[in-house]
Structures are given as C-alpha cells and as structure tokens.
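Just below is one structure, and these are the notes that go with it.
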There are 2 protein chains.
Amino acid sequence: MPDRATGGQALLFLTDEQLRRGIEAMFFAYRGFTADPDRILAERDLGRAHHRALHFVARSPGLTVGRLLLLLGVTKQSLNRVLRRLVQDGLVEAQVGREDRRERHLHLTEAGAALERALSDAQRERMRAAFRAAGPAAVQGFRQVLEAMMDPELRRLFEEERDRPAREGRTGR
Amino acid sequence: MPDRATGGQALLFLTDEQLRRGIEAMFFAYRGFTADPDRILAERDLGRAHHRALHFVARSPGLTVGRLLLLLGVTKQSLNRVLRRLVQDGLVEAQVGREDRRERHLHLTEAGAALERALSDAQRERMRAAFRAAGPAAVQGFRQVLEAMMDPELRRLFEEERDRPAREGRTGR
DNA sequence: TTGGAATGTCAACGAGGCTGACTTATCCTC
DNA sequence: GAGGATAAGTCAGCCTCGTTGACATTCCAA
C-alpha cells in the first residue's frame, strides 16, 4: 500500500475504473501493435503465427524447435504446421544438431532475414513513435508494468534470452 | 523527473535492441493478460471473443451492434456468431431500438453480469498486481505508451467512450 | 413511393489453435 | 548393447474465430 507521500494519484491508480482503462488500453494497443506486420504478412499469405516464429528465430539464430515451443507456448503440432510452411517457402532452415543430432537448429535464410527485417522494421517504427511520443520515463514505466503482468515462467524466459550464450552456428556455409 | 540524471537512458531508449525488448514485452505480457479470463471462459466453453463482447456491453449498457463492431474491429458476421451464442446462453439481451428499429441495443442479463464480473475481476486482479508492483509513475508511463501505440481511430474510440452520454435503457422490464 | 444506405442474419470457408496416437532417430544409462 | 528417455515430426480430427458472399429488414431522402 502506497503511503501519503504519493497523494491523490496513489489513491486513484488502482480504482476499478483506472484498471478498466488499463485493460482496454492493452486491448486497443495490441491491435495497433500487430496491424502493420499483418498487412505485410497478408501479401505473402502468411499469418501472425509465422511472424512470431520468424521473430524468435531472428533473435536467437540456431535455437532449437523445443526451445521455440517454450517461447511461443503452443503445441508442437501447431508449430510444426507453421515451421513446415516457413521451410517450404525457403525462409527458414533447420539443421541437425552437431552435439545432439536429435535437435534441429533453426536459422533464417537470406529471404527469411529480409522478410523478418521488413516485419520488424514496421513494428519497431510504431514502437519507436510511441516511445518517442511518451518519453524515456514513460518507456521505463511501460516496461515495468508489462513485465509485472507476465506469468512468472514467461518473465523468466523473457529475461533469460536477453544476453544468451552463443548458440550453434550454421554448418552449411 | 527526467533531467540530466537520465542522460544515458534517454540515448538508449530508442535503440533497436530496446525496441525489440519492448516488442517482446508486449507479446509476453499480452499472454499473461489473457491467461486468467481464458481459464474461466474455458469452463463454460466460451472464447476470448465472447469475453471482449461481454466487456464492452458491460461497460456501455445499451450500445448497438454497429457500435460494438467498431470497438471490436471485426466483421459483423463474426460478431454475430459470438452474440448469438451469448444470447442463447442467456448472458446478453438484444432489444429492438425504440427510435430506430433497425438497431439492436445490447444489455447483460443477471447471469451475463455475473460472468463478466468474474472475468473482469480476474483480469483486474492481475492488472492491479502489476500496477502495484510497478507503482503510480510507471502506470502513467504504461498508459502513455499504449495510447501512443494505438491506431488513431482506435485511440479516438478509446477516449470517446470514457464518459459517454446515457444510452437507450432496457424496455422489456 | 421507391431506391439506396444502414443494420442485422445465415452459410460456407480458412487459419491456426487444440488433443490424441504414433513413428523415427538419437542419446544416455545400466 | 539393450532399453528407456528425449527431440522432432506426422496424421487425423476438432473448435474458435476470423473471413467473404448473399440476403432480409428498416429507415430516410429524392
């Protein structure tokens, strides 16, 4: 419980009405957040699911299918459909692990990297505009609230991937 | 207050890496944000779409289908399926408009209000915890960034619904 | 008074979640 | 080196919730 120092705001920021506003802000903002990439994806007949996979593969080249599964929080059957399409379209390559040959390490191809860049440029541009409009202090608050809103295991994954040790590199080069 | 003290941060908060972190935070937080209601909905074989409709009907009793369509940003055919189910389950009532008989004005029934309350309690509880953990200043920043991230028309809707004039009341009582 | 605009409904399709059952390949332990 | 555990992939089938297309009803303005 916040004490007197923070005054009126401290009393207001947890009212049901304020919380409802926060909930709706989350809903509307998420729509905006996905709108730009969705347009690009539609041109190539891909969906949001493909974007998510591309994003994480781009962020962590060489990550395994199993790890991607954890990050995305879907079933392997569901991911498999997405991944198969990405490989077919020549956007992602799956390489047999060198240490553990059961694993498949995922990398973007040139084309995959290009698409991922286009998607993430669009999304970053919107995020950048929002960050710029709101200012550094607001950005700090934004992230604090979002992190507090995650499920604990997700937060762990989120933080853990920040500065991760090198993964298995490409072999076929 | 951000002055010289925040120096480095001000330079950092727009780097690609920072933006990527923001993007992922958004993704993971949205998962957390919907997790609790999803569990409750699953028990009654309802989905997220039903939750969204219930939310807006609860917030603005008597709103028309057309207006709800704007808020949700889906096709009327898609909304119709959801609404039909809600009416069948006795959670929502649709009343023919008195002034314009083409319109349908939506209200929650007792049961609908109870379910909506359960859902929104769960979601508010998580939001409250996040707000409390992050503090009032962070909440302010959180909302600033989210609002800046919305599409302009959505932001207009978001702000406009804040304090709206009375809508058509229930007739069949 | 009639034709266009607004509103709402029905039907059918597709993406992408899900469960369940299973195979294959590989690893690791005893 | 046999046998269980683990990583990945597959097939089948289901459900939700998006989509488009066609159509009915109601209102209002020419």
Side-chain angles (χ1 to χ4, degrees), chain A residues 27 30-31 34-35 37-39 41-55 57 62-89 92-107 167-168, chain B residues 27 30-31 34-35 37-57 62-89 92-106 168:
Chain A
F27 169 65
Y30 199 80
R31 286 247 294 279
T34 54
D38 281 355
R39 272 187 286 274
L41 290 158
E43 293 168 15
R44 338 225 340 187
D45 271 301
L46 296 171
R48 227 173 263 181
H50 303 98
H51 181 192
R52 292 195 282 262
L54 286 175
H55 171 93
V57 174
L63 95 170
T64 62
V65 174
R67 180 140 193 97
L68 183 53
L69 235 29
L70 280 182
L71 288 165
L72 294 176
V74 299
T75 59
K76 67 177 171 177
Q77 293 91 328
S78 192
L79 175 58
N80 197 254
R81 193 197 301 119
V82 169
L83 233 34
R84 200 171 354 175
R85 171 72 190 278
L86 291 175
V87 170
Q88 268 174 15
D89 286 13
V92 164
E93 283 174 1
Q95 291 162 0
V96 171
R98 280 196 301 265
E99 317 227 317
D100 185 337
R101 296 175 42 80
R102 290 173 303 181
E103 295 178 338
R104 296 294 178 273
H105 296 264
L106 304 170
H107 296 271
R167 276 181 195 65
E168 190 147 340
Chain B
F27 170 64
Y30 200 79
R31 286 246 296 278
T34 53
D38 280 355
R39 272 188 286 273
I40 299 175
L41 289 158
E43 292 168 14
R44 338 222 342 184
D45 271 303
L46 296 171
R48 225 174 264 182
H50 303 99
H51 181 192
R52 293 196 281 262
L54 286 174
H55 171 94
F56 285 110
V57 174
L63 95 170
T64 62
V65 173
R67 178 137 196 99
L68 183 53
L69 236 28
L70 281 181
L71 290 165
L72 294 176
V74 298
T75 58
K76 63 183 172 171
Q77 294 89 330
S78 188
L79 174 57
N80 195 253
R81 192 199 304 114
V82 170
L83 235 33
R84 201 173 351 174
R85 171 73 191 278
L86 291 175
V87 170
Q88 268 174 14
D89 286 12
V92 165
E93 282 174 2
Q95 291 161 359
V96 172
R98 280 196 302 262
E99 316 226 317
D100 184 336
R101 296 174 42 80
R102 290 174 303 183
E103 295 177 339
R104 297 291 179 276
H105 295 265
L106 303 170
E168 189 147 341

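Bear in mind that the values here come from a model prediction, so they are computed numbers and not experimental data. Below, chains carry the letters A, B, ... as their sequence lines are ordered, and counting in each starts from 1.
Using a 4.0 Å cut-off, no side-chain N or O of H50(B) falls inside it from OP1 or OP2 of dT16(D).
Between H51(A) atom NE2 and dG17(C) atom P the separation is 14 Å, expressed in whole Å. Distance L41(B) CG to dC15(D) C1': 15 Å, rounded to the nearest Å. The distance between atom CG of L69(B) and atom C1' of dC17(D), rounded to the nearest whole Å, is 14 Å. We find that CG of L46(B) is positioned 9 Å from P of dT16(D), with the value rounded to whole Å. Rounding to whole angstrom units, CG of residue L106(B) and C1' of dG8(C) are separated by 11 Å. The separation between D38(B) atom CG and dC15(D) atom C1' is 14 Å, rounded to whole Å. Remark: C1' of dT26(D) and CD of Q95(B) are 18 Å apart, rounded to the nearest angstrom. Across the protein-nucleic acid pair, R31(B) atom CZ and dG16(C) atom P stand 17 Å apart, rounded to whole Å.
Residues passing the ring pair (Phe, Tyr, Trp, His ring centres under 6.0 Å) test with Y30(A) are F33(A), Y30(B), sequence neighbours excluded. Judged as a side chain to side chain contact (heavy atoms under 4.5 Å, CB included), and not counting sequence neighbours, the contacts of R84(B) are N80(B), R81(B), Q88(B). Here R101(A) pairs with nothing under the salt bridge (charged side-chain N to carboxylate O under 4.0 Å, His left out) rule; sequence neighbours left out. Shown here are the side chain to side chain donor-acceptor pair (under 3.5 Å) partners of R85(B), two or more places apart in sequence or in another chain: D89(B). Partners of R102(B) under the side chain to side chain contact (heavy atoms under 4.5 Å, CB included) rule, at least two apart in sequence or in another chain, are D100(B).
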Hey, mind stepping through V96(A) and R104(A) against side-chain contact (heavy atoms from CB on, under 4.5 Å) and telling me if it holds?
CA-CA 5 Å; V96(A) 171; R104(A) 296 294 178 273; 4.0 Å; yes
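Of the candidate nucleotides dG16(C), dA8(D), dG8(C), dA8(D) has the atom nearest to the side chain of T64(A). Which of dC17(D), dG8(C), dA8(D) sits closest to the side chain of V65(A) comes down to dA8(D). Of all nucleotides listed (dC17(D), dG16(C), dC18(C)), dC18(C) comes nearest to the side chain of T75(A).
At the heavy-atom level, G73(A) lies under 4.0 Å from the strands shown only through sugar-phosphate atoms.
DNA chain D lies under 4.0 Å from at least one heavy atom of each of the following residues of residues 77-86 of chain A: Q77(A), N80(A), R84(A).
The list of side-chain hydrogen bond (donor to acceptor under 3.5 Å, both in side chains) pairs with a residue in residues 44-53 of chain A, not counting sequence neighbours, reads T34(A)-R48(A), D38(A)-R48(A).
Of all non-hydrogen atoms in L41(B) and G47(B), the two that sit nearest each other are CD1-O, 3.5 Å.
L72(A) CG to H55(A) NE2: the interatomic distance, rounded to the nearest 0.5 Å, is 9.5 Å.
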Using a cut-off of 4.0 Å between protein heavy atoms and nucleotide atoms, how would you tag nucleotides 22-30 of chain C 5' to 3' with B, S and -?
---BBS---
